[in-house]
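Chain naming here is simple, since letters A, B, ... match the order of the sequence lines and numbering starts at 1 in each.
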2 protein chains.
Amino acid sequence: MKAQSDNLVEAALETLKASTLRVTEPRRALLRLLAEAEKPLSCEEIRARSEGEFDLVTVYRNMEVFREQNIVQTILLESGKQLFELTVEGDHHHHIICRSCHRTLRLELCFGGELERYASSRGFKQLEHKIEVFGLCETCSED
Amino acid sequence: MKAQSDNLVEAALETLKASTLRVTEPRRALLRLLAEAEKPLSCEEIRARSEGEFDLVTVYRNMEVFREQNIVQTILLESGKQLFELTVEGDHHHHIICRSCHRTLRLELCFGGELERYASSRGFKQLEHKIEVFGLCETCSED
DNA sequence: ATTATTAATGCAATTTACTTTCAATAAAAA
DNA sequence: TTTTTATTGAAAGTAAATTGCATTAATAAT
């Protein structure tokens with residue numbers, strides 16, 4: 001699904017242009033890489049996949065930029081380590097994460113409506129919710 | 001509710017004894033402190049509240065022990081920093097957390113059943129779920 | 001009770017994940 | 001084409017958590 005991921009990259013670049021943010025080679029490459037990823041990636045993994053084309057700090061900084069623009073979403077592992085995946089409009093989901101191998105499955109359940117309604121009734125604004133299920137995947141629980 | 005927190009401490013000490021774990025002064029003190037806390041605490045905060053009675057590494061190590069014994073539960077802030085709170089049987093809940101001041105409210109909603117059923121149908125075992133709502137509390141959104 | 005065993009502690013050093021600083025470079029605006 | 005300003009890379013710095021190791025204390029054995 002090449003065209004699909006190209007579209008995601010293009011849309012993200014448009015988002016950048018709409019702010020005062022610049023379209024650079026690292027950003028193009030990072031977006032392409034994220035668009036083609038089969039699972040959420042850490043900054044280290046992203047850098048590894050780019051074969052050292054640019055510095056790790058460039059990955060960190062751009063993930064932060066992308067997050068601010070809602071181009072990527074973050075997932076927190078139990079260790080507190082962050083993973084990143086492209087935001088796809090109309091494809092809100094969460095994850096089931098294997099504690100051992102970090103295999104990640106989409107969790108096609110979400111209670112965002114209820115959760116945010118509850119929080120806003122308590123005076124909270126600018127809400128975001130996180131739902132994560134941690135466990136051992138089939139392979140990792142075989143021992 | 002002094003008696004209540006005493007009971008929690010006693011129950012936790014029993015859990016320790018049931019393994020080969022020892023009942024030490026730091027552990028008593030840490031459990032008491034957690035039982036009396038009005039909100040989830042970080043290791044640094046726990047140490048601060050104990051007025052330097054013992055080393056920070058002792059706090060970290062014991063929180064890990066307590067977590068393994070399900071004596072405490074952890075909460076992950078967006079930064080990846082960990083907070084700890086005593087597990088109270090029959091009082092499963094999640095949190096709404098202010099991004100700015102870290103004020104924490106109990107979130108009296110949980111979809112653990114659905115979430116874990118979904119994950120176990122995908123072959124995952126030893127499940128745990130996390131639900132967190134982040135936002136700005138009334139005070140912090142006033143500017 | 002006393003001694004032996006083994007777990008827990010404190011301190012220092014280390015690691016991991018991430019952030020900041022700053023000079024050099026490149027993108028976009030003039 | 002020049003100027004402006006955002007972005008980058010390299011190195012140093014930071015915060016949270018972890019590890020190694022000698023000392024101390026809790027429990028088990030005698």
Can you tell me whether the side chain of [X] and the base of [N] have a donor-acceptor pair closer than 3.5 Å?
{"X": "A/Arg47", "N": "D/dG9", "answer": "no"}
{"X": "A/Arg28", "N": "D/dT7", "answer": "no"}
{"X": "B/Arg22", "N": "C/dT6", "answer": "yes"}

How close or far is atom [atom2] of [N] from atom [atom1] of [X], stated in whole angstroms?
{"X": "B/Phe54", "N": "C/dA7", "atom1": "CZ", "atom2": "C1'", "answer": "17 Å"}
{"X": "B/Glu78", "N": "C/dA17", "atom1": "CD", "atom2": "C1'", "answer": "17 Å"}
{"X": "A/Ile46", "N": "C/dC18", "atom1": "CD1", "atom2": "P", "answer": "10 Å"}
{"X": "B/Glu68", "N": "C/dA8", "atom1": "CD", "atom2": "C1'", "answer": "14 Å"}
{"X": "A/Leu83", "N": "C/dC18", "atom1": "CG", "atom2": "C1'", "answer": "14 Å"}
{"X": "A/Gln69", "N": "D/dT7", "atom1": "CD", "atom2": "C1'", "answer": "15 Å"}
{"X": "B/Asp55", "N": "D/dG20", "atom1": "CG", "atom2": "P", "answer": "17 Å"}
{"X": "B/Met63", "N": "C/dT9", "atom1": "CE", "atom2": "P", "answer": "11 Å"}

Check [Y] with [X], please: is the shortest side-chain N to carboxylate O separation under 4.0 Å?
{"X": "A/Lys17", "Y": "A/Glu14", "value": "yes"}
{"X": "A/Lys130", "Y": "A/Glu116", "value": "no"}
{"X": "A/Asp91", "Y": "A/Arg106", "value": "yes"}
{"X": "B/Arg117", "Y": "B/Glu114", "value": "no"}
{"X": "B/Glu38", "Y": "B/Arg49", "value": "yes"}

Look at all strands and tell whether [X] reaches a base, only sugar-phosphate, or nothing, counting heavy atoms closer than 4.0 Å.
{"X": "A/Gln82", "result": "sugar-phosphate"}
{"X": "B/Arg27", "result": "sugar-phosphate"}
{"X": "B/Leu56", "result": "nothing"}

What nucleotide among [options] has an atom nearest to a side-chain atom of [X]?
{"X": "B/Val23", "options": "D/dT27, C/dT20, D/dT19", "answer": "D/dT27"}
{"X": "A/Tyr60", "options": "C/dG10, C/dT19, D/dA16", "answer": "C/dT19"}
{"X": "B/Arg61", "options": "D/dA16, D/dG20, C/dA17", "answer": "D/dG20"}

| said: Closest-nucleotide mapping onto DNA chain C: is B/Ser79 or B/Thr58 further toward the 5' terminus? I mean the 5' end. | reply: B/Thr58
| said: Can you see if the side chain of A/Thr24 gets near the phosphate of D/dA6 - specifically, an N or O under 4.0 Å from OP1 or OP2? | reply: no
| field | Residue whose closest nucleotide on DNA chain D lies nearer the 5' end, A/Glu25 versus B/Glu44 | value |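 Of the two residues, A/Glu25 wins.
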